[in-house]
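Each chain gets a letter, A, B and so on, in the order its sequence line appears, and its residues count up from 1. None of these values were measured; they are calculated from a predicted model.
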Protein chains: 2
Amino acid sequence: MNASTHMSPGLWRLPNGQASNNDLSYWVELAKLLESGNFDGIFIADTLGLYDLYKGPENIGPALQSGAQVPYSDPSVIISAMAYATQSIAFGVTASVTYENPFILARRYSTLDHVTRGRIGWNVVTSHLASAARNCGLKEEIPHDERYVRAEEFMDAVYKLWEGSWRDDALVRDAKRGVYIEPDRVRAINHEGKYFSVAGPNAVDPTPQRTPFLFQAGASSAGKLFATKHAEVMFLPGMSPENVRKIADDIRHQATLQGRDRDSIKLLAGMLVIVDETDEKAQQKYNDFLEASDLDGVATLLGGWTGVDLSALADDEDFHFTGPGAVQSLVKTWSATVPGSDNVKWTKRRVLQELAMAGAHPRVVGGPQTVADQLQRWIEVADIDGFNFSHAVSPGTFEDMVKYLWPELRRRGVIKEEYKVVGGAARENYLEDGLGPRLRRNHPGAAYTWRKPEEA
Amino acid sequence: MNASTHMSPGLWRLPNGQASNNDLSYWVELAKLLESGNFDGIFIADTLGLYDLYKGPENIGPALQSGAQVPYSDPSVIISAMAYATQSIAFGVTASVTYENPFILARRYSTLDHVTRGRIGWNVVTSHLASAARNCGLKEEIPHDERYVRAEEFMDAVYKLWEGSWRDDALVRDAKRGVYIEPDRVRAINHEGKYFSVAGPNAVDPTPQRTPFLFQAGASSAGKLFATKHAEVMFLPGMSPENVRKIADDIRHQATLQGRDRDSIKLLAGMLVIVDETDEKAQQKYNDFLEASDLDGVATLLGGWTGVDLSALADDEDFHFTGPGAVQSLVKTWSATVPGSDNVKWTKRRVLQELAMAGAHPRVVGGPQTVADQLQRWIEVADIDGFNFSHAVSPGTFEDMVKYLWPELRRRGVIKEEYKVVGGAARENYLEDGLGPRLRRNHPGAAYTWRKPEEA
């Protein structure tokens, strides 16, 4: 996030525990570092409200005191500085279809796609915080499943703008005839739906990708249906590779039911890597991080993610056996995968310590070989395409990865040595299928694409 | 504008007539050039719709064919690349209170203010194109004066977010106590008005300026009332210094009626400078530009500005004496100020040629001495604080100014040699009153400011 912290509240107290997200040099140096490590992209999460359920309801105190995802700044306006300093790394920027205007959002992403030369991704979210609804003009949240119905219409409207309102060869700059744009190659979309009314055409001519590369993380039934229809990258939940494998198989199956290729959605598991020269040093680093974690801040985030206010529950309750379903289900996944964890009592404190840096995502702690072994096991067992690496501290966590882990992965030949298309589009470098920067033909947005007559 | 052209349609046909606004290096080099010339700021105009009145109604053909302000890209996302390459120049970014969400807009400008270290300005517009309304979800435009009522409420809401929802000393980062933000120094705003409902607090902690530096260009009665209340810089209409003097006096008077200091609003006249080594070379350059101008494109822009569709009028009509009020009034101002213009027939073609590069703003064409004389006369007679320089071609027009005109202005000692506060905020460098980056105490937004107790 463009925020105080994303998932590791309290670590700002450590030396180098927090870089300033208000300082463009932080972002520029981060982008250069990650590009030097051939990361596919930088993904920036976002919210439009505070986590206010813990010790709540509507109590913003714990979030403020711990700095849990607050302040939370706009991710879209920091991209151009990073893009100017790099050439191949992509940028995934979160924006909400529940609170943004489709015409204005389409224009912003088109602009970003032009100035990054096709390196922009959009993480489509429907926003789950009631505080976001109250900030953005609603008295209460739109119900979950209706948000997805609305999101479907939003996608229709923006596909029409991006794909269907300008023909590929509209902008001709024909000096001889004095024609900048061929008028008959641009058209209104006149979208009139239940939720949105958008005349169009899009403000901006076709960009390298037209539709930005699409990220999504839907996990509910409605969310998965939405994601398997639209997403080109999905962030998967799940604490163990066996568990994630089931999810991955299900998603690929659902994608085929929607008429898409099995492999047209790249699947990434969330992952936190704490690595150092040796297992011991890495474990010590992890312990230091845990010591600095602010568990009230973690409980604040958990409140927003699960709807559970832990403060209302007893300190010595064992969540392995009792407690709210969302917490029990987390604990059951953990206890099934972490050796020895069956024998401990899953108290509130223990749960929060497990969540402290990676949230409800797995983590791997160790020296280069240990971490490489585990990541390779994840890739094989879970059958995923890669990871969405989070951080305990930034840029520290990523510096460690490039310094300690990358050489080992290179030795094993399991990490890419160069971008598929240097200077290419996000879509080209994620999908690596040689099919260019535009939506694949079986993607629902591609049905709207206005091509040149000879290519239609 | 972050667009094909702002006010000079057709000039893209010339060699170097158009830089690519999609190329970040264009913006970065432009920012560095203007900072090297100590320009106070770069102002980026914007619209959210096409000019579709000419040969209309709702005919987007002429705008497309001439490239008149289309494509029109988002100005907010290109700022960080420019800010990272500069340290003192400010950035004025246009955004509409009619179509943006107040919480989301406040967050975006707060983020921009942080990452530019206080160098962001907001040009507040209510948007006048019916096409923008249709793009953004309305069936028709909100009536003009109601737009300003709504705009007043919008300003209230964003002042509360920027000035009133975080105390200056809220973000403490107290590692010893583990307090990132003092909870009792941040509060909801719970704005509930006729048009907007915003819970708050602002997503972002107080930025260098809190409220971005405010630009406005209101010219109607409702617009002037709004501008003299809120603006810190105003762009003035008017073709002659004598005419602008009347407007400037009136604005300063109205500002005092609103309880503000006469000099708390900096007044800038629109101005196009075509300069070269000699008067002759400059005139030749101007003639070449005029030759390349696309008068249909100019008529397209005029349609949006005035509501007049020139295509419905006869080619040989003399607009000095007849025709729509808005056009006659332009012609009368010109004919009163341009020597000899009383003796020509103000046909449609003549009107469009006059508007071709600077729109309804004055222009000065000549060698360094001629231009310097005229600009000095403007400053003295109109009693203005500076100019909002437009361009015929960019960066060419600005390169010419820095190369040919700046040395002459330096010789005369009438141009600043350095920013008042190097690395300072927009507000400090425009107002030059030594009073820091925050709103001045007599500004209506300052009534909301939540200061430290000892400064309150």
Interchain contact, [X] with chain A, by part (heavy-atom threshold 4.5 Å):
{"X": "B:W27", "answer": "neither"}
{"X": "B:D205", "answer": "both"}
{"X": "B:I189", "answer": "neither"}
{"X": "B:Y26", "answer": "neither"}
{"X": "B:N101", "answer": "side chain"}
{"X": "B:S66", "answer": "backbone"}
{"X": "B:Y72", "answer": "both"}
{"X": "B:E58", "answer": "neither"}
{"X": "B:N202", "answer": "neither"}

Can you name the nearest heavy-atom pair linking [X] to [Y], along with the distance?
{"X": "A:W12", "Y": "B:G178", "result": "CZ2-C, 3.9 Å"}
{"X": "A:A203", "Y": "B:V70", "result": "O-CG2, 4.5 Å"}
{"X": "A:R107", "Y": "B:P75", "result": "NH2-CD, 3.8 Å"}
{"X": "A:L64", "Y": "B:W166", "result": "CD2-CH2, 4.4 Å"}
{"X": "B:S80", "Y": "A:A81", "result": "OG-N, 3.0 Å"}

Can you find a heavy atom in the side chain of [X] that is under 4.5 Å from one in the side chain of [Y]?
{"X": "B:T111", "Y": "A:S76", "answer": "no"}
{"X": "A:Y84", "Y": "B:S25", "answer": "yes"}
{"X": "A:V77", "Y": "B:I79", "answer": "no"}
{"X": "A:D23", "Y": "B:R117", "answer": "yes"}
{"X": "B:P71", "Y": "A:I181", "answer": "yes"}
{"X": "B:H114", "Y": "A:N21", "answer": "no"}

Heavy-atom pairs under 4.5 Å with chain A are the metric here; pick the option from [options] that has the most.
{"options": "B:L50, B:T116, B:N2, B:V204", "result": "B:V204"}
{"options": "B:R177, B:R134, B:Q65", "result": "B:Q65"}
{"options": "B:D174, B:V172, B:L14", "result": "B:D174"}
{"options": "B:V28, B:I78, B:T207, B:D294", "result": "B:V28"}
{"options": "B:K176, B:M82, B:E192", "result": "B:E192"}
{"options": "B:S4, B:A3, B:A292", "result": "B:S4"}

Handout entry: Heavy-atom neighbours of A:D184 CG exceed 12 at 6.0 Å
Key = yes

Handout entry: Over 12 foreign heavy atoms within 6.0 Å of CD, A:E291
Key = no

When only pairs under 4.5 Å are counted, which of [options] shares the most heavy-atom pairs with chain B?
{"options": "A:A63, A:G67, A:G49", "result": "A:G67"}
{"options": "A:A133, A:A83, A:S73", "result": "A:S73"}
{"options": "A:L161, A:I60, A:L24", "result": "A:L24"}

Completion exercise
d(A:L112 CG, B:D74 CG) to nearest 0.5 Å is 7.5 Å

Problem - Exam field: side chain A:N135 to backbone B:G200, donor-acceptor pair closer than 3.5 Å - result: yes

